[in-house]
Amino acid sequence: MAKMEDWLSKLNKEQKEAVLENEHPLLVLAGAGSGKTRVITTKIAYCIKELDYNPWNILAVTFTNKAAKEMKERVLEMLPEEDPNSFNIRTFHSFGVWLLRRFSSEAGLQPGFTIYDDSDSLSLLKTRYSSMTAKELRPIMKSILKAKDMGLTPFSTKLSEVSNEPNFARFYEVYENALREVGNVDFADLITIPTRLMDENREVRDFVQRRFKVILVDEYQDSNVAQFEMLKRLVGPDTFISVVGDDDQSIYRFRGAEIQNILSFPKVFKDTKSIVLGQNYRSTKNILNLATSVIAHNTNRHPKVLRTDNQIGSRPQLYYVDDEMDEAATVYSLLVRANNFNNSAILYRTNAQSSAFETLLTKRHIPYKIVGALKFYDREEVKDALALLQLFVNSRDIVNFRRMINKPARGIGPTSIKKIEQFLPDTNGDVFEAIDIAIESKVLSAKCSTNAKQFVTTMKESYSMIEDGSLGDGVKYLLDKMGLITYYMNEDAKNHTFKVDNLNQLVNAISEYQSSTAGLLAFLEEVTLDRTTIGTEDPAQGDGVTLITMHNTKGLEFEDVYIVGLEESLFPSGMNSDDDDGIEEERRLFYVAATRARENLYMFCAKSRRVWGRMEYDRVPSRFIDEINARDIEVIGSRPRTPTANSWDAKANKYLNRGQYGLLDEKRKTHAPRHGVHHERSTPNIYKNSNNFPQDASSLIHKGFKKFEFEKKEAGNNSYSVGDRVNNKEKGNGTVISSVDNRGREVITVEYDSGKIAKYISKFAKLTKL
DNA sequence: ATAAGTGACTTTTTT
DNA sequence: AGTCACTTAT
């Protein structure tokens with residue numbers, strides 16, 4: 001109890017009020033840096049310690065995976081004795097999957113359903129509109145997903161708000177039917193299907209409402225209509241509901257975020273109590289003034305003033321720089337001067353902006369970590385591997401079937417694929433059965449039959465390896481036997497890429513999951529729902545400067561913040577500059593970015609910048625710069641001259657050695673960036689991969705786990721022979737019944753005494769000879 | 001059926 | 001700069 005009082009004593013009046021309220025629905029309007037996460041975490045602790053709730057009675061929903069992770073950590077800090085797994089602290093989407101896995105059959109899904117990302121959705125739409133191009137279909141697909149986020153069905157009259165396409169409703173309906181036939185879901189489904197399920201199925205609704213007695217929603221201003229609808233279903237007559245948000249920080253309108261959700265909350269939940277947190281504990285007065293002066297230009301907001309007792313602090317600085325390299329060099333020199341890498345963050349509007357910083361920081365051995373921007377799972381070879389795995393768990397996945405049945409080319413062209421697919425209606429959509437029937441019906445050529453059969457067989461073999469042994473082995477075998485490894489080895493040799501290495505990393509990451517279909521599903525779920533953070537270090541921990549998009553900084557704070565690329569069409573984004581709503585959203589993003597800073601705020605505006613591979617000169621400074629009160633900012637430099645030197649190195653060295661603003665000269669020699677840092681570990685060697693994949697995969701995925709490698713070449717020298725007796729810790733004793741050489745790799749089949757049969761790559765088999 | 005080569009197009013933020 | 005769709009040659 002003393003502990004509880006201790007926690008409460010750290011709160012101000014409003015915060016305490018928010019924690020103690022446990023009767024009425026609660027709406028907390030919390031300004032930036034007003035301690036809302038502390039309120040939520042304390043509230044969770046209070047519910048458990050004082051109100052006797054079980055951790056599992058509590059559902060805390062946030063908007064991003066990072067926020068969820070952070071909240072979980074902070075709750076566990078307060079309640080170290082609790083089991084981390086008993087808490088449901090999740091994103092809306094991961095909560096949706098959690099529920100759907102439990103009730104997949106009730107929801108009409110394949111038990112092994114996987115989640116389609118946007119490109120999968122597009123491919124699916126293409127299977128139904130084969131004569132249309134991706135270019136034509138993409139905007140339609142985007143509109144469909146947006147409509148779903150807005151809670152609209154194909155039959156809603158409001159569909160016209162989403163798309164001008166005359167047949168839009170029809171497209172939407174066709175897409176939905178296709179998705180249901182496949183048995184998979186898209187992101188929006190993770191919200192809408194649970195909602196529908198709770199409407200239609202009493203048992204599910206009762207289960208949820210009985211289980212969750214306390215529901216807390218963070219970043220509520222970013223919820224969309226579909227999520228609000230789900231929330232309404234989750235709240236039963238006895239559920240305590242509390243939401244926390246700030247309309248000034250709503251930055252996901254593009255994804256359907258609806259500020260109205262805040263306004264209508266009190267209307268939907270009767271007797272709502274509203275509490276405003278207006279005290280900022282994070283930033284200096286100067287930083288807060290700057291942020292306030294900019295956000296005040298938004299007309300569509302609730303006017304409010306944040307107050308702080310913090311010091312005035314140093315004045316935020318704006319640097320005019322030549323181009324993105326000069327920008328990086330200037331940031332670098334400031335970083336070195338401050339020598340406070342772990343508490344510094346570089347914030348940019350688009351992920352592509354990170355590369356100039358990566359290049360320079362790598363070169364100068366400054367430790368850094370990139371949050372998000374993970375294109376890893378979008379890479380061709382990785383998507384191929386994931387496609388095979390998705391097909392593996394859901395044999396009705398027509399999208400991934402089409403992607404992989406003839407990749408690498410195995411003589412099954414469009415005609416043959418059509419022949420196979422004509423049997424799909426007979427097999428309830430199961431592609432493997434369809435292949436079998438096609439082969440039996442002898443509609444395929446001999447070569448085609450053989451290879452299609454081999455495709456199915458390889459899948460089945462991997463299945464037994466996964467169920468009986470190691471997930472890593474099974475996946476490795478699958479990729480290898482499908483010919484992907486050989487295919488990408490050739491590609492690598494030709495193009496100097498490192499695709500096989502990336503596949504290795506993927507296998508390594510998978511190996512940490514349980515060896516079963518369930519483990520594989522868990523892995524696939526993790527990579528689709530959290531593709532920005534998987535394998536990366538938590539930004540709150542570890543060494544180095546944080547490189548991060550402004551969107552990703554929600555809920556984070558840093559002593560020193562560097563906002564880069566303050567130029568029209570970049571920030572505010574050109575895509576969002578057409579209307580006032582778009583500009584206001586960008587302005588809120590600026591507000592979010594600026595209020596991440598505790599002590600020092602630096603801003604940068606370049607005169608030229610390379611955009612989409614082209615040099616753009618005479619860039620216009622961001623309008624947000626002009627919206628800052630002159631007294632709140634110190635401007636350094638004016639419109640700089642156009643650089644003369646052209647080569648990267650010449651330019652970089654020019655800036656680095658002299659430093660345009662002379663920042664380096666006195667500091668650089670004395671303050672070599674030591675700071676107890678291991679460069680090798682913290683700084684990915686970004687040029688290991690030459691093909692514009694800025695991060696070395698190994699730094700992103702489960703560092704240091706180097707169990708698997710696809711060998712480049714290896715002579716077959718069999719170590720097992722038929723008849724050998726072997727033992728596996730889990731499976732017991734067995735006999736080797738076959739041993740074959742597969743491109744230099746020995747593949748053995750073991751028949752266990754239990755009757756089970758398993759295949760292994762002998763080199764990796766966990767077997768002892770008897 | 002496939003490999004290689006050409007040309008057009010991209011263009012934000014995240015679950 | 002890179003990807004993707006399309007063309008042409010084998």
Side-chain angles (χ1 to χ4, degrees), chain A residues 61-68 90-97 115-119 121-122 126 133-136 138 142 145-146 148-149 185-191 219 222-224 226-227 250-257 347-353 355 371-375 377-380 406-417 445 447-448 451 490-491 494-495 497 525-534 548-554 565 569-577 582 585-586 588-590 592-593 610-616 690-694:
Chain A
V61 191
T62 70
F63 208 66
T64 62
N65 294 292
K66 211 171 323 42
R90 303 170 168 275
T91 62
F92 268 108
H93 290 87
S94 97
F95 172 74
V97 198
I115 304 162
Y116 273 176
D117 66 15
D118 289 9
S119 74
S121 291
L122 182 58
K126 239 170 136 184
T133 65
K135 197 188 155 197
E136 293 167 315
R138 181 172 288 114
K142 291 213 155 154
L145 295 181
K146 180 123 190 220
K148 291 174 87 167
D149 278 341
V185 296
D186 59 24
F187 279 115
D189 281 333
L190 297 177
I191 310 299
E219 307 286 7
D222 286 324
S223 63
N224 57 40
Q227 289 163 335
S250 168
I251 54 175
Y252 285 100
R253 195 186 61 130
F254 70 93
R255 218 171 81 186
L347 275 50
Y348 36 77
R349 180 64 178 81
T350 65
N351 285 305
Q353 286 168 262
S355 70
V371 179
L374 272 223
K375 295 272 161 51
Y377 291 100
D378 287 333
R379 310 206 73 203
E380 182 195 11
N406 198 33
K407 188 174 185 181
R410 48 174 78 86
I412 306 175
T415 320
S416 305
I417 292 176
S445 71
K447 178 185 167 198
C448 204
N451 291 340
N490 290 334
E491 292 279 300
K494 235 184 323 189
N495 310 325
T497 50
E525 213 167 280
E526 178 88 13
V527 302
T528 20
L529 284 184
D530 196 358
R531 56 211 298 134
T532 59
T533 54
I534 186 155
I548 190 169
T549 62
M550 300 180 200
H551 280 87
N552 249 325
T553 59
K554 292 259 300 228
S569 87
L570 181 58
F571 188 33
S573 158
M575 314 297 293
N576 241 346
S577 297
E585 169 128 324
E586 297 284 318
R588 289 192 292 271
L589 189 56
F590 178 88
V592 168
R610 210 148 52 135
V611 188
W612 310 316
R614 206 170 248 121
M615 198 61 170
E616 277 195 13
S690 57
N691 46 357
N692 197 40
F693 175 52

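First the proteins, then the strands, lettered A, B, ... as listed; each starts at 1.
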Determine the contact category for A:F63: base if any of its heavy atoms lies under 4.0 Å from a base atom, sugar-phosphate if only primed atoms, P, OP1 or OP2 are that close, otherwise nothing. sugar-phosphate
Spacing of A:K135 atom NZ relative to C:dC4 atom P, expressed in whole Å: 16 Å
Tell me whether A:R253 is salt-bridged to A:E586, with the criterion being a basic N under 4.0 Å from an acidic carboxylate O. no
Are any of A:N224's side-chain N or O atoms less than 4.0 Å away from OP1 or OP2 of B:dT15? no
Please tell me which of A:D149 and A:S573 maps to the more 5' nucleotide of DNA chain B, matching each residue to the nucleotide holding its nearest heavy atom. A:S573
To the nearest angstrom, how far is A:E585 atom CD from B:dT12 atom P? 15 Å
Let's see if you can work this out: which of B:dT12, B:dT2, B:dT15 has an atom nearest to the side-chain heavy atoms of A:A409? B:dT2
Protein-nucleotide distance (A:N406, atom CG; B:dA1, atom P), rounded to Å: 9 Å
Could you check how far CZ of A:R138 sits from C1' of C:dC4, rounded to whole Å? 10 Å
Answer with base, sugar-phosphate or nothing: what part of the nucleic acid does A:T415 contact at a heavy-atom distance below 4.0 Å? sugar-phosphate
Whole angstroms only, please: what is the CZ-P distance between A:R255 and B:dT15? 6 Å
Write down the distance between CZ (A:R253) and C1' (B:dT15), rounded to a whole number of angstrom. 18 Å
With a non-hydrogen cut-off below 4.0 angstrom, is A:K126 in contact with a base, only sugar-phosphate, or nothing? sugar-phosphate
Counting only side-chain N and O atoms of A:T549, is one of them less than 4.0 Å from OP1 or OP2 of B:dT14? yes
Nearest-nucleotide wise, let me know which of A:I251 and A:I412 is further upstream toward the 5' end of DNA chain B. A:I412
Smallest separation among heavy atoms of A:A188 and A:D149, with atom names: CB-OD1, 3.8 Å
Parallel, tilted or perpendicular for A:F187 and A:H93, by the 30°/60° rule? perpendicular
Can A:F254 be called stacked on B:dT13 when the rule is centres closer than 5.5 Å and an angle between planes below 30°? yes
For A:A68 and A:T91, which heavy atoms make the closest approach, and how far apart are they? CB-N, 4.4 Å
Atom CZ of A:R255 and atom CZ of A:F63: how far apart are they, to the nearest 0.5 Å? 4.0 Å
Look at the side chain of A:T133 and decide which nucleotide, out of B:dT14, B:dT12, C:dC6, has an atom nearest to it. C:dC6
Any side-chain N or O of A:N552 less than 4.0 Å from the OP1 or OP2 oxygen of B:dT14? yes
What is the distance, rounded to the nearest whole Å, between atom CG of A:D118 and atom P of B:dT12? 12 Å
Options B:dA1, B:dT15, B:dT12, nucleotide nearest the side-chain atoms of A:T91: B:dT15
Take atom CD of A:E616 and atom C1' of C:dA1, then tell me their distance rounded to the nearest Å. 14 Å
